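Note that this is a predicted model, so its numbers are computed, not measured. Sequence lines set the chain letters: A, B, ... in the order given, protein chains first and strands last, and positions in each chain run from 1. Only heavy atoms go into these numbers, but all of them, side chains included; no hydrogens, no water, no symmetry mates.
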Protein chains: 2
Amino acid sequence: MNQWPAEISIDAFRRTWVLEGEPLWRRVFETHREKMQIKNPQIALGNLEKIFTCTFRLANSKGFQAMSLRDLSRETDISMGGLYAYIGSKDDLAAAIEEVLRQAIDDVMSDQAVISLDPVNRLKAIIYGDIYMNEIMHPWYYFCYLEAKGLSREQREAAMRMELKFDERLRDTFQAGVDAGIFTMDKIALLATNTTSMLQQWYLKRWKFQLMGTQTDEYAAFVFETTLCNLKCSLD
Amino acid sequence: MNQWPAEISIDAFRRTWVLEGEPLWRRVFETHREKMQIKNPQIALGNLEKIFTCTFRLANSKGFQAMSLRDLSRETDISMGGLYAYIGSKDDLAAAIEEVLRQAIDDVMSDQAVISLDPVNRLKAIIYGDIYMNEIMHPWYYFCYLEAKGLSREQREAAMRMELKFDERLRDTFQAGVDAGIFTMDKIALLATNTTSMLQQWYLKRWKFQLMGTQTDEYAAFVFETTLCNLKCSLD
DNA sequence: GTCTATATCTGGATAGAC
DNA sequence: GTCTATCCAGATATAGAC
C-alpha cells in the first residue's frame, strides 16, 4: 500500500502514485481488457494512449457529444474499424474514462497514512495531494466533470458519492481540530463543500489561473491558508 | 435605472429586477424578434416560454447536444415545423439563451447604487444580489455554464469577460476596504476568484445543498461571512 | 490487428398544404 | 401560424478483405 512521503511536493507525489505515462496506460489496458479485441499489450498501450489523449483534446474543446468518431479516427490516425477493436462503443469510451479516474482517486483517497497526522497537517496533506492529482490528471477530471450528464446513472451516482466522501474526509479533519480545541468553526459542512470546490477550481478554471499566472503550489497554499483562516475565525 | 433597495432580501430583489414571468418572456421576444417568423406577441410569449423551459429541462438532464429537436417538439407539443418559426436553428436557441442571461446580468451589474456603499455593505450587496439572481434564473445559469463549449467563440469570450468583470468588481471592493484600513488581505485576486466560485456553486451544486438542506439566505450569509473572515485574517 | 467499404439510422432543416 | 411529409448530411457500427 502506497502512502504519502514526509515531504509534500508534486515530485514526491508523482513518485508515490504513478498516475501518468506507461504505467497509467497499462492500468487502462488491464481494466478494460475484456471490452477490447486486442490482446497484445505491446500493441495496445500506444494506441490506447492515442485514443484517450485525442479524446480529451477533442472533447475538451468541442464537447464529447459533438466529437464524432470520424474526428477521433482522423486525429488518432486509426481507422474507424480500428477504433472499434479498442472500444465497445462511443459511450463505452466515456465510461472507461470515468472508471479509470474513479479508480485512481479511490486508490489515493484510501491512503491510511494521512489519518494518523494531526488535524492541521492532515488538512495540508489532503489539500496538496488533491491539487497535485488534479494537476497531473487534469484532462481526466475536466472531462468527467463536464461530460457527467452523458454518463450512465450508476456512474453519475458513483461520482457524486465520491465527492460526498471527499467532503466527509474534510469534515472529519475539521471536526478533529475542533475537538482538539484548535479550530472554532461551526459551519463545518458548508466549509467542507467550499474547500472541495476551491480544489475543483484548479482544473475547472485553468484559463483564469493561467491569466493570473498562478502556480500550482501557490494555489495549494492559498486553499490551505484560507481554509485554515476560516477554521480559526469566529464569525460574528 | 433600477437600483438596490435599502433592504436586502430576495423579495425586494424580485420586485426591483423583474427576471421571471411574463416580463422575462416579453424581453426574450423583443431581443429575438428579427430571428422569428412570429410577429404577434400574444401568441409568441406562451410558446417561447414552453420552448425555453422545456429546453432547460431536457438539456439540463441529458445535455443540449444529446437533446434532439424531436425531443423538444414532443415535450413542447409544438411540431418540428412549428419550432422553426421561433428559432433559426438549434445553435440559435443556445445562443439566444446565453444572450438573454448575459443581458440580464449586465443590467443588474451596472447598478450604480452599489458603488456608493462602504466596502462591507458593498460586498454584502454584491454577494446577496448574485445569489438571488442565481436562484431566480437558475436554469439559465446552469445551462450557460455547462453548455459553454457548444457556443460560438464570441459568446464564450463574452461569458469569460463577464466573469472577469465580476471578479474585478469584487477586487475593487476588497481594495477599497484595504485602503480604508478595514481589511488586511494580500491575495486579493485569488480571494476574488474564490468568492466568485462560491457564488457559482449555488447553481452548480444544487443537489448537494438540497441534500444538506441549505437555504438561500443561509448560503448567502455563509459566502459573505467567510469572505469577510478571509479579508480580516492575516495569513502569516 | 488493421483497413476499406458499407449498412443503417438519427436528427437538423425545409417545402408546401391547410 | 401551425402541421405533415420529406430531404439529406453525417453519425455509429459492422462485415469482410488483407
Whole-Å gap separating [atom2] ([N]) and [atom1] ([X]):
X: A:L83; N: C:dT4; atom1: CG; atom2: C1'; answer: 14 Å
X: A:I87; N: D:dT12; atom1: CD1; atom2: P; answer: 9 Å
X: A:Y86; N: D:dT12; atom1: OH; atom2: P; answer: 19 Å
X: B:Q65; N: D:dA11; atom1: CD; atom2: P; answer: 11 Å
X: B:F64; N: C:dG11; atom1: CZ; atom2: C1'; answer: 13 Å
X: B:I43; N: D:dC3; atom1: CD1; atom2: P; answer: 12 Å
X: B:I51; N: D:dG1; atom1: CD1; atom2: C1'; answer: 12 Å
X: A:Q37; N: C:dG1; atom1: CD; atom2: P; answer: 10 Å

When you get a sec, tell me which of [options] is the closest nucleotide to the side chain of [X]?
X: B:M80; options: C:dG12, D:dT12, C:dG1; value: C:dG12
X: B:S68; options: C:dG11, C:dG1, C:dA5; value: C:dG11
X: B:N40; options: D:dG1, D:dC3, D:dT12; value: D:dG1
X: A:N47; options: D:dA11, C:dG12, C:dT2; value: C:dT2
X: A:K90; options: D:dT2, C:dG12, D:dT12; value: D:dT12
X: B:K39; options: D:dG1, D:dT14, C:dT2; value: D:dG1

What distance separates A:L151 CG from A:E99 CD, expressed to the nearest 0.5 Å?
10.5 Å
Would you compute the distance between atom CD of B:E75 and atom CG of B:D71 and round it to the nearest 0.5 angstrom?
8.0 Å
Across the strands shown, which category fits B:M67 at heavy-atom distances under 4.0 angstrom: base, sugar-phosphate, nothing?
sugar-phosphate
For B:L191 and B:T227, work out which heavy atoms get closest and say how close.
CD2-O, 4.2 Å
Please check if the number of heavy atoms outside A:E30 that lie under 6.0 Å from its CD is greater than 12.
yes
Hey, does the side chain of A:Y84 come within less than 4.0 Å of D:dT14's phosphate (OP1/OP2), counting only N and O?
no
Side-chain donor/acceptor of A:R70 to base of D:dG10, under 3.5 Å
no
Taking for each residue the nucleotide of DNA chain D with the nearest heavy atom, is it A:G81 or A:A66 whose nucleotide lies nearer the 5' end?
A:A66
Centroid-centroid distance, A:W140 to A:F52, less than 6.0 Å
yes
